[in-house]
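Taking it in order: structure first as C-alpha cells, then the write-up.
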2 protein chains.
Amino acid sequence: MKRYEKFADEIAELIRTGVLAAGEKVPSVRHASRTYGISASTVFQAYYLLESRGLIIARARSGYFVRELAQQPLAEPDISATAATSTEVDVSELVFSVLGSLKNPDTVPFGSAFPCPSLFPLPRLARSMAQSLRDMAPNEVIADMTEGNPNLLRQIALRYGGSGVALQREQLVITTGALEALNLCLQCVTQPGDLVAIESPAFYATLQVLERLKLKAVEIPVHPREGIDIDILSQRLDKLPIKACWFMSSLQNPLGASMNEAKKAAVYALIQRHQVPLIEDDVYAELYFGANPPKPLKSYDRNGLVMHCGSYSKCLAPGYRVGWVAGGRFAEQIRRLKLMTTISPSVPAQAAIADYLQHGGFDRHLRKLRHALETQQASMLASAARHFPPGCRVTRPTGGYFLWFELPKQVDSLQLFQQALNEGISLAPGPIFSASRGFGNFIRLNYGHPWSPQCEAAMATLGGLIRGF
Amino acid sequence: MKRYEKFADEIAELIRTGVLAAGEKVPSVRHASRTYGISASTVFQAYYLLESRGLIIARARSGYFVRELAQQPLAEPDISATAATSTEVDVSELVFSVLGSLKNPDTVPFGSAFPCPSLFPLPRLARSMAQSLRDMAPNEVIADMTEGNPNLLRQIALRYGGSGVALQREQLVITTGALEALNLCLQCVTQPGDLVAIESPAFYATLQVLERLKLKAVEIPVHPREGIDIDILSQRLDKLPIKACWFMSSLQNPLGASMNEAKKAAVYALIQRHQVPLIEDDVYAELYFGANPPKPLKSYDRNGLVMHCGSYSKCLAPGYRVGWVAGGRFAEQIRRLKLMTTISPSVPAQAAIADYLQHGGFDRHLRKLRHALETQQASMLASAARHFPPGCRVTRPTGGYFLWFELPKQVDSLQLFQQALNEGISLAPGPIFSASRGFGNFIRLNYGHPWSPQCEAAMATLGGLIRGF
C-alpha cells in the first residue's frame, strides 16, 4: 500500500469512529504533514482520495471538511426480534422468483448478489489463464482434480498465514465456489431433522440449503453493527440440541455487521464448551473498508471445530467458481463428500487464479475495489437520505456492497419488489432472508455498481414507491 | 470422416461381427477397390489404419489377414448372478482406498478412471479458452452462471439433434461434470430409504451416491455384451417400489456392454409403464468403435421420463469439469437444486468448450481418439492372452477404455490389488463395483494409455500374481 493510501485510511478511520465529526475540519495540509512526518503532496493525494470516496469535501480557501450528507442521514435499524425457537424452512420458491427478476440486463441491479463485473481484473485474469494453460503438464488436468492445484493451495495457505491463522495445507479443500463448501460442511455435521443455529436475517442461500437438507433453523438475532446476540445464542445452545452453527462473523449478509474481536473469542468459547461445530461463511472477508482487516473467527480455533469457507467470487473472479474451506477436523470428510458429488472445481480456473494471486497484483486490485465500494456506499447513503421518506432506517456497514433498509411499518417489501420491478429496478425483499418470513418491511440494496444518474433516478423512484404505501 | 476411414470402419465391423474370421484374408486391394468403387490408395490407407489398430496384419507377398491374437483369445465372462432384492450400500471407504492408490504418478495406471491426458487436444482447448475470454463481455461472467453459456447450450442441443434426439434447450442444465448431474437427478426423484435399480456390476460412484443419499440398491445383472437383464428388471419393477433407475445403456462401466436398439426400446417401454424415472449415465457415448454411434435410450423418451447425463471429461476436456443433463420433465427442479449447491460450473471453462466445439474440430479429434483406444484395446487383449493363466475371461467392449476380467475363482482381487500396488501397478478390484461386495475375483483394467513396454511388463507381472493364488 502506498503512503498516501495508508494515511487516507487513517483519516477515514477517524471519520468512521466519530473522532472527526461531520462538518468538522480535517487537519490542514501543513499540520498533517508536520504531525505525520509526510510530504505535503502525500497529504494532498490522500485528501483527494478521501474526497473521491465521498468522505470529505473541499471548501474554497478553507481546506477540507468531513462531509455532511445532503440531509440528516438515516438512522440505524434496531436489532432483529428474537424468533421462535426453531423453524422449518420453506423459502426457496420466493428466492427463485427474486433471482429470476435479475435476468433482464436493463434492470437497475439493486437486487443483485454480485458487484459490477467491471470492478474485477478480468483481462489480467485471462492472461493468467492463458499463461497457466501454456505451462500445465497434461497429467495435471487429472491429478489436480483429486488434490487441488498445488500452487493455489499454497497461495491460500500463505494468505491465512498473513492474517494470523496457521493451518496445515491438508485442512484445505478447494470447492466449486463457497456455496459448495458450505453445503458440504453442513452435510458433514448434520442429519435430516437436526437443528442449526443461523443468523436472523440470514443470507438466503443459507435458508435454501437448510430447506434442501431438511434441517430446522434456530434463528439468532443480529445487531446491525455488532453481529449476533451472544446471550440468545448461549441460551439456545444450553436448551436445544443444536448440531451446527452457520455464521458470518464479518460483513454479514445482509446487515454488514462484523463482530468485534472480543465477541469472536466469546462465540468460539461458547461453541467449544458445547462442542458444536461452526461453519464460518467469510466470503466478504476481503471487502472491508479502512485499514484493519477483520480477523476470522477461525483464528481462535484451537480444536478444528471451525470450518472456514472463503471464495474468489466476490473479490476477484466471479464466474470462475473457485472457493475453499479450511475444514479443521472435518476436512477429510468434506474432501470425500466433494469427490462423491462434483469431484473438483475446474482445473484451469484454479490454475488461473493461482497464477493471478502470485503475479497479478491481488492486493493492489483489492485496494481499488474497496475504495470503489466505499465511494459507492457513500453515494447510495446520500441518495437514500435525499429520496427516502422519514422513518426509513439503514445500516452503515464497514465493507461489502449491501445496505439493509428498514422501511416504515406499513410497507410490504414483497409488494414493493413487484412495483419496483415494473419500474425496471430490482431489489431483494426482506422475507427471503428469514426462515420465519420476517422482515416484511425491509429491503437489501446492492451498491456494487458505479454510481450513475440511472442509480440516482432509481433511488428517487423507490422513494416515491415507499411513500405510496 | 474421410473416405478411407469410412472404409476402414466397414472392414472393422466385418471383423468385429465375425464375418471375417481371425486368420482369414481380407479382400485384396484390387478386389476391394473394384467392389467398393474407391481408389487403390484409399484401400491402402484404410488397411494401414486397420493394421495400426491391431485388427489386420500384413504378410509379405500375400496381402492382409485378420489378426489372430498371440494365443487363443480369452473367453467372455458370464452374466452376473442375480443379486438379493435390495442392499444398503457401504462401499465408499473401499473406493477411496483404491482412488488413493492412483496418486503416485510412477504407478502403471491400469486402475485409473481416465484415459491418458495426452490423447486430448489440450493445447487447442487452451487457444479456445484464450479466444473466448478475449471475446467475453464482463457481465457474461455473472449472467452465464444462472443460465449457462448460450453457445455451449446451442452446441449441445445441435449434437443431440444430430443423433436423432430433438429437445428444447430449456431441458438442458450444464453441471460441474456428469457426476454433479447424476447426483442432482437422483436427489430430484428420491427420498432417503427409497429403492433405486442399478446395474451389477455398477460404476462405483453410483454406489457412493446411493450411500451418501441413504438409498437402497436393487442390483440388476448385466450381460457383458448385451447390457442389463430385462426380465429381472421387469420382475423387480413389478414387485418392488423402485423410485428410479440409473443405467448406462451404452458402453457400460465396467463391462463395456451396450444394449441394442430393441432392448433400449423395451427398457423405455418398461419404465414408461411403471412411470419410474430413468437416469441415463452416458459419459462414454462418444467413445464407440466402428461406424455406428449408439443411440441413447433418451431417444425413445416421449414423456420426459429420462434424464440423460453427458460430459466432456472423458472425450475432450478432463479437468474442465463441464457436463450436462437433458433433464426431461425434471429439468427445472434439477436447475434449482444446482443453483442451491454449486450455482454453476466455471464460466470460462464453459466458454472454452463451446468455442472448441464450434471451431476446434471435435469430430476429427474424436476419430483419432477412438482409433487410439481401439488400438490400445487390441494391445491389452493380446497381452492378456499372452500373460494371463488359463481360466481368465475378459470382455471385448465396442468402445470406451476398460476391460473387465474374470479371474479364476480362488483369486481375491482385493489382495491382488495390494500385491499389484507393491509392484507399482494400479487396478480397480471387482468389489468396488458392487453394493453386495460381489465380484471378488474380477478386476477392471484401463487401456486408455498408449501401449508401451512398461504396460506389457505390467501385464506379465499381473499374470504372475494371478497364478500365485
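Chain naming here is simple, since letters A, B, ... match the order of the sequence lines and numbering starts at 1 in each.
- With a threshold of 4.5 angstrom between heavy atoms, B:Gln191 approaches chain A through side-chain atoms but not through N, CA, C or O.
- More than 12 heavy atoms of other residues, nucleotides or ligands lie within 6.0 Å of CD in B:Glu332, so this atom counts as buried by the packing criterion.
- B:Leu122 places a side-chain heavy atom less than 4.5 Å from the side chain of A:Val141.
- Counting heavy-atom pairs under 4.5 Å between each of B:Val347, B:Leu179, B:Leu133, B:Leu337 and chain A puts B:Leu179 at the top.
- To the nearest 0.5 Å, atoms OG (A:Ser313) and CD1 (B:Ile142) are separated by 9.5 Å.
- For a residue to count as touching a neighbouring chain, one of its non-hydrogen atoms must lie under 4.5 Å from one of that chain's; by this rule A:Ala126 touches chain B with backbone and side chain alike.
- Here A:Lys103 is the residue among A:Lys103, A:Glu211, A:Arg127, A:Arg134 with the most heavy-atom pairs under 4.5 Å with chain B.
- Using a 4.5 Å cut-off between heavy atoms, B:Pro109 makes no contact with chain A at all.
- Using a 4.5 Å heavy-atom cutoff, the side chains of A:Arg212 and B:Thr341 are in contact.
- With a 4.5 angstrom heavy-atom cutoff, A:Leu339 touches chain B via backbone and side-chain atoms both.
- Both the backbone and the side chain of B:Met340 come within less than 4.5 Å of a heavy atom in chain A.
- Among A:Gln208, A:Met136, A:Glu140, the residue with the largest count of heavy-atom pairs under 4.5 Å with chain B is A:Gln208.
- Proximity to chain B is absent for every atom of A:Thr146, based on heavy atoms less than 4.5 angstrom apart.
- In this structure, the side chains of B:Thr342 and A:Thr342 come closer than 4.5 Å at one or more pairs of heavy atoms.
- Listed here is the closest heavy atom pair of A:Pro138 and B:Pro117: O-CB, 3.3 Å.
- Only the backbone of A:Pro345 has a heavy atom closer than 4.5 Å to any heavy atom of chain B.
- Counting heavy-atom pairs under 4.5 Å between each of A:Pro105, A:Gly319, A:Ser344 and chain B puts A:Gly319 at the top.
- Atom CD of B:Gln350 and atom CZ of A:Arg321 lie 11.0 Å apart (nearest 0.5 Å).
- Taken from CG in A:Leu213 to CD in B:Gln187, the straight-line distance is 8.0 Å, to the nearest 0.5 Å.
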